[in-house]
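First the structure, in the form of structure tokens, and then the observations on it.
Only this structure's heavy atoms are used, side chains among them; waters, hydrogens and symmetry mates stay out. Both ligands and their constituent atoms are indexed starting at 1 by order of listing.
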Amino acid sequence: MLDQNNTVTFSRQDVQEMDATHHLHPFTNSQALNDKGARVIDKAQGIYVWDQDGNKMLDGMAGLWCVNMGYGRQELVDAATKQMQQLPFYNTFFQTTHLPVAKLAKEIASITPEGLDHIFFANSGSEAIDTILRLVRHHWVLKEQPEKSIIISRENAYHGSTLAGTSLGGMSGMHKQGAPLVPDIERICQPYWYGEAGDMAPDEFGLVCAQALEEKILTLGAHRVAAFIAEPIQGAGGVIVPPASYWPEIQRICQKYDILLAVDEVICGFGRTGGWFGSDTFNIKPDIISMAKGLSSGYLPIAAVAVGKRISQTLLAHDDDFNHGYTYSGHPVAAAVALENIRLMKQENIVQYVKDDIGPYFQKQLRSVLENHPLVGHIEGVGLVAGIALVKNKDSKTFFGDELDVGLICRDHCFENGLIMRAVDSRMVLSPPLVISHEEVDELCEKARHCFNLTLADVRDK
Ligand code: PXG
């Protein structure tokens with residue numbers, strides 16, 4: 001079709017047809033999607049997105065946990081344009097560098113936890129995780145302890161979907177596909193207090209879960225364990241916030257047995273929890289961290305691994321190559337956008353805003369508007385991330401059975417009623433742009449309550 005200016009326009013049906021015929025979506029049942037037709041997202045501004053039918057939706061997920069500074073930031077567009085004109089691409093492999101990547105490495109080193117002052121670049125969180133896996137194992141080989149190769153992670157963790165990410169993650173649905181997985185990976189329980197603690201108090205349960213790491217290390221032998229990897233708060237697992245006792249005990253155990261502590265900051269990084277990193281919020285002292293998503297507010301793909309002194313000194317002490325890297329490691333345009341994104345975050349004092357102002361307000365409003373709803377069993381969260389457990393009976397803490405996907409029912413009501421919320425089984429999760437205002441938080445909570453009512457009407461007698 002042609003519009004008045006003789007340019008080709010596409011209807012929603014055109015887009016859906018091309019999509020159904022040729023596009024394989026991530027984490028999607030393509031058959032079911034093609035019967036229904038994908039929702040076509042057309043434009044975005046601030047914390048809102050519009051579909052091609054003109055429906056406006058409050059994006060309670062910041063895209064996919066990433067558009068931290070909100071949509072439509074002209075400064076980020078300008079940074080990309082300028083860098084594309086100056087130098088659209090050059091690699092960083094063969095003893096070359098460029099200003100944006102060098103500046104970004106310095107900038108990241110200045111905001112990461114103490115000692116993490118060498119930065120390796122990648123394009124996605126999954127690639128950053130692969131980098132961590134290879135780097136920590138390589139570290140122990142260089143230290144002449146090659147038998148220290150096992151990495152311990154957690155059930156229900158998400159560390160991306162490359163083979164290393166899938167293997168380190170704790171998602172059983174992923175493990176079944178594309179196996180065999182990477183060897184020498186072991187898992188321990190997750191610190192999911194509301195769902196799995198029984199009668200234990202939060203701090204008691206936090207200690208039990210952390211001590212599962214010690215038991216695992218003792219079973220395997222500390223001389224065989226390279227690292228422990230975990231997200232500060234599990235994101236894709238349903239926003240699981242560990243009890244306060246958990247991280248200090250994990251830290252103690254890693255120190256005691258000389259195990260590297262790798263922290264996956266792909267969701268928690270860049271202000272989400274009210275610190276630059278989740279490690280700041282939980283007072284974790286990691287040896288290595290991954291970051292992606294919020295690094296560029298999702299405007300371009302870029303990820304990084306910040307490497308602490310223990311590992312970087314080992315690497316730098318050896319006169320040899322680290323044989324690892326991606327064509328687009330430190331892509332100049334993505335680096336320029338990330339730099340501008342961090343500059344904007346600082347200029348707008350966004351981390352402080354999440355910590356002292358909008359984060360506490362969001363957590364308070366969620367509880368005051370939603371906690372007494374019959375479907376809501378528990379709300380947990382920190383800063384601008386939250387998970388809401390939907391239950392069949394909140395007094396007896398009875399969960400819905402597998403035959404009823406309450407999360408998907410709720411997610412569909414949200415989409416139909418102008419709110420984007422993600423469902424992780426029966427948990428609804430929220431991670432809105434960090435620039436959200438007080439009025440927008442109120443709107444989000446009211447919309448969520450309305451959608452919970454619609455969901456309740458659907459599931460009441462089931
Ligand atoms: N680590 C963590 C903690 C993540 O949340 C990755 C690594 C991988 O990043 P990339 O950029 O390779 O996707 C992630 C990504 C969801 C969802 O449905 C979550 C993620 C990605 C896609 C979907 O919640 N997190």
Quiz item: Given the rule in the salt bridge (Lys or Arg N to Asp or Glu O under 4.0 Å) test, do R449 and E446 qualify, once you have shown the distances and angles that lead to the verdict?
Solution: CA-CA 5 Å; R449 186 164 181 97; E446 282 312 321; 5.9 Å; no
What are the distances between nitrogen or oxygen atoms of ligand 1 and protein nitrogen or oxygen atoms, counting only those under 3.5 Å?
unit_1	atom_1	unit_2	atom_2	d
ligand 1	1 (N)	D264	OD1	3.2
ligand 1	1 (N)	D264	OD2	2.6
ligand 1	9 (O)	G125	N	3.4
ligand 1	9 (O)	S126	N	3.4
ligand 1	11 (O)	G125	N	2.8
ligand 1	12 (O)	G125	N	3.4
ligand 1	12 (O)	S126	N	2.8
ligand 1	12 (O)	S126	OG	2.5
ligand 1	18 (O)	R422	NE	2.7
ligand 1	18 (O)	R422	NH2	2.8
ligand 1	24 (O)	W65	NE1	2.9
ligand 1	24 (O)	R422	NE	2.7
ligand 1	24 (O)	R422	NH2	3.2
ligand 1	25 (N)	K293	NZ	3.3

Quiz prompt | Ring centroid separation F452 to H373 under 6.0 Å | solution = yes
Quiz item: Who are the side chain to side chain donor-acceptor pair (under 3.5 Å) partners of E215, not counting sequence neighbours?
Solution: none
Quiz prompt | Value rounded to 0.5 Å, distance of CG in D287 from CG in L116 | solution = 8.0 Å
Quiz item: Cationic tip of R73 within the cone over Y299's six-membered ring, i.e. under 6.0 Å and within 45° of the normal?
Solution: no
Quiz prompt | Cationic N near anionic O, under 4.0 Å, E186 to R224 | solution = no
